[in-house]
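Here's the structure, in structure tokens; my notes come after.
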Amino acid sequence: MEHGTGSGSNGPSGSIDKSRVLDVRPLRTLVPVFPNPAGMSSVSTPQPTPFVCVPPSGPFPTGVQPFYPFMAPNGTQQTPHSFQNDPGNFGPGGSIPAPVPLNSFRTPTSHENGGSSRSKRASKTRASRPVIIDDDEYSDSQNQSDQYVSGFSMHVTDAEVGSSSRKRRGRPLKRRAENGNEVEYDVESLLNRFLTSFKLKEFDEFRRSSGDRETTSTILLVYDLLRKKLTQLEEANSLNIGIARRPDLKAGTLLMKKGVRTNSSKRIGHVPGVEVGDIFFFRMELCIVGLHAPTMAGIDYMGVKITMDEEPVALSIVSSGGYDDDGEAGDVLVYSGQGGVQRRDGQMFDQKLERGNLALEKSLHRANDVRVIRGLKDLNGTTGKIYVYDGLYKIQESWAEKNKSECNVFKYKLVRIPGQPQAFSLWKSIQQWKDGTAAREGLILPDLTSGAESLPVSLVNDVDNEKGPAHFTYVSTLKSKPFPTSKPSLGCQCMGGCQPGDSSCSCTQSNDGFLPYSSLGVLISNNSLIHECGLTCVCPPNCRNRISQTGLRVRLEVFKTKDRGWGLRSWDPIRAGGFICEYAGEVIKDDLGNEIDDDYIFDSTRSYEPLEAVSEDSSDSNKLPFPIVISAKNNGNVARFMNHSCLPNVHWKPVLRESNNETYLHIAFFAIRHIPPMQELTFDYGVVASEKGDQGKKKCLCESVKCRGFFY
DNA sequence: GAATGATCATTTTA
DNA sequence: CTAAAATGATCATT
């Protein structure tokens, strides 16, 4: 059966000439199907697209056949195993197969009502369902309903509405409903506050269906805020519940329901507002920016009209990173199809050529671009994944293999389109620098801190001959002078480290009742001041509330920039809220009125644009208690190399550590957004009060869209 | 046929 | 390790 699939009916040559397939570029002719904002090609950006508007000469020009499964484009047989066992998908005896009929794929309606109308309907469905719980359940779950009061619940929960078999009996319980509504209002109003302050209330249909850089970054920021807030609330409540919840999904659902998403109209090729190399930490993040719509499935696809018929084409895949064998350069990916395993009992079946598998097969023959998102193990977190957008690939071939259970599994070989910025391959290089199998080009010093930090910091120059920055003494922490406190602090008594939801922890209380860091050590507090545990606290050094005291957590490198002197960047990915470093140096007195002539100054008294328009502070105690000016000219750490940007990816927070009658103030830097490896770390130096005139003003080279043109 | 409701498939996350 | 989660495609029904 190796033959017969192609020859007779496949046109003159009997095999597909790959170059011709590529030459035809069938999908270019489909451009009208994917309306895009002017100037935004839906197809691979680096490719020249001179004939975008050429009318189609037909859906299947000569030499390009309709779909034959498992025929490689070059005509070699890629069908090692028999498929005729599956009469549903293949024609008898290996003749022309009959895949799932194309008309079974629903026509996507015009893009404007495609996504949004459906989601409207979904929410209507939910809202209209009665929430009725019988008396027994109510009394049984008295405790639970108390949790709703103290904790949070978005609405009177999908879980109850969706899965309870008891929901139709009994009368609605007012009290329960009220409780639920009250709580719903809390999260609802929280969300509304976010949306208002980020001006997402009047999020228009255009930005919803097609994004841009600012839109995606705002949406991701709001998602992160919301997710963190839900995490915080949930953790504080976990003593009561003790069940794992999914703040990532809940935050996503809330935003989706509000229509706060972008690129909701599906498209082939790049997604506006998402750049090759961007990283994500949750599948939901991929959904809300439209990079990959399914929340769980690994293959995203859409129906594409081809004259009368419609066929699915693949849009993007998320590789889980488990069993992919990639090429040496990281530009090849072998992807396994979906299905074939019963989730309940783990029983395996042959995979079927339907859904995503069929779409990939079609995309192989249509030669359209497929976005690839690489899922990698997060070495920092224990279980988490990092998703790297690795740009566009083309499917080169497909075949089927038998797995251990003797079931057919589809395999798709994807090859990265050349000319795109480095993404996944960069990760591979970095790994090699770390394990010593490859040398970092331009390396001057393996560790400029000479062991002063917990991790080495490389000094690298791959742009010119400068051998390093001017001499300074590396110190890992601020020589902070204690400030007297009004109230003596005894410190907390958390022997095993501070835990969320512990109302007896005095450090938690100082932070408005919530620990400012998540279990992964990521900043989740929005307060403008962080109270960490101090000398008199009994908790151990690895306490979650001592993040800024525990030294570097990411592998940094000081590097020579093209035009801004030395800069700082990270070999490791940093998630939003991740701790980077503190600002070390000497606290300098400015009250003598001395002019500070120093390029290594941190000055908390400058005015800063608030990062979050939403202030969570409940009291004045969370305001910066005293101004601080730090010089890192003679003594400093990596922070002194961080350049200014008007659109920064790092921000600072004042951190207080109290002990007895003294308070130590430190300045800690955290990631504003997810930062991919090797992206320069920058923060906003702030603006000097106007009465000081233009002194110290410098021309800004940050090149961001928000650039003020100068900095201090 | 169109509109709607119900179910299913997917796999990540804690 | 297991359970639970959300979306969108598909199926079923009106």
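Chain letters run A, B, ... following the sequence lines, proteins first and then strands; every chain starts at 1. These figures come from a predicted structure and were not determined experimentally.
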- line: Among the nucleotides B/dA9, B/dT11, C/dT7, whichever has the atom closest to the side chain of A/Thr295 is C/dT7
message: Would you say A/Lys250 places a side-chain N or O within less than 4.0 Å of OP1 or OP2 belonging to C/dA6?
response: no
- prompt: Going by atom types only, do A/Arg267 and A/Ser210 share a side-chain donor-acceptor pair under 3.5 Å?
  reply: yes
message: Counting the atoms with a prime plus P, OP1 and OP2 as sugar-phosphate, which does A/Gly339 contact under 4.0 Å by heavy atoms, base, sugar-phosphate, or nothing?
response: sugar-phosphate
statement: Checking C/dT7, B/dT13, B/dT10 against the side chain of A/Phe282 (C-beta onward), the nearest is B/dT13
query: Which one, C/dT7, C/dG8, C/dA5, comes nearest to the side chain of A/Thr253?
result: C/dT7
task: Could you state the atom-to-atom distance from CG of A/Asp300 to P of B/dT11 in whole Å?
output: 13 Å
query: If you check the A/Lys266 side chain, which of C/dA9, C/dT7, C/dA6 turns out closest?
result: C/dA9
field: Donor-acceptor pair between A/His270 and A/Glu275 side chains, under 3.5 angstrom
entry: no
- request: Ignoring the backbone of A/Lys385, work out which of B/dT11, B/dT12, C/dT10 is nearest its side chain.
  value: B/dT12
field: A/Leu249 CG - B/dT11 C1' separation (whole Å)
entry: 11 Å
message: From C-beta outward on A/Met256, which listed nucleotide comes closest to its side chain: C/dG8, C/dA5, B/dT12?
response: C/dG8
- request: Measure from CD on A/Gln338 to P on C/dT10 and round the result to the nearest Å.
  value: 10 Å
- request: Rounded to the nearest angstrom, tell me the gap between atom CZ in A/Arg355 and atom P in B/dT10.
  value: 6 Å
- prompt: Under 4.0 Å between a side-chain N/O of A/Tyr301 and OP1 or OP2 of B/dT10, yes or no?
  reply: no
- prompt: Taking CG from A/Leu315 and C1' from C/dT7, how many angstroms apart are they, rounded to a whole number?
  reply: 15 Å
Minimum-distance nucleotide (side-chain atoms of A/Ala293 versus B/dT10, C/dG8, B/dT12): C/dG8
message: Within the 3.5 Å criterion, strictly below it, is a donor on A/Glu397 or A/Trp399 matched to an acceptor on the partner's side chain?
response: no
query: C/dT7 C1' sits how many Å from A/Leu286 CG, rounded?
result: 13 Å
field: Separation of B/dT12 P from A/Asp378 CG (nearest whole Å)
entry: 14 Å
Presence of A/Arg246 side-chain N/O under 4.0 Å of B/dT11 phosphate oxygens OP1/OP2: no
query: Any chance the side chains of A/Arg283 and A/Thr295 put a donor and an acceptor closer than 3.5 Å?
result: no
query: Considering heavy-atom distances to DNA chain B, does A/Tyr387 or A/Gly340 have its closest nucleotide positioned more toward the 5' end?
result: A/Gly340
message: Between A/Tyr389 and A/His292, do the side chains contain a donor N or O and an acceptor N or O under 3.5 Å apart?
response: no
- prompt: Rounded to the Å, how far apart are A/Met348 CE and B/dA9 C1'?
  reply: 15 Å
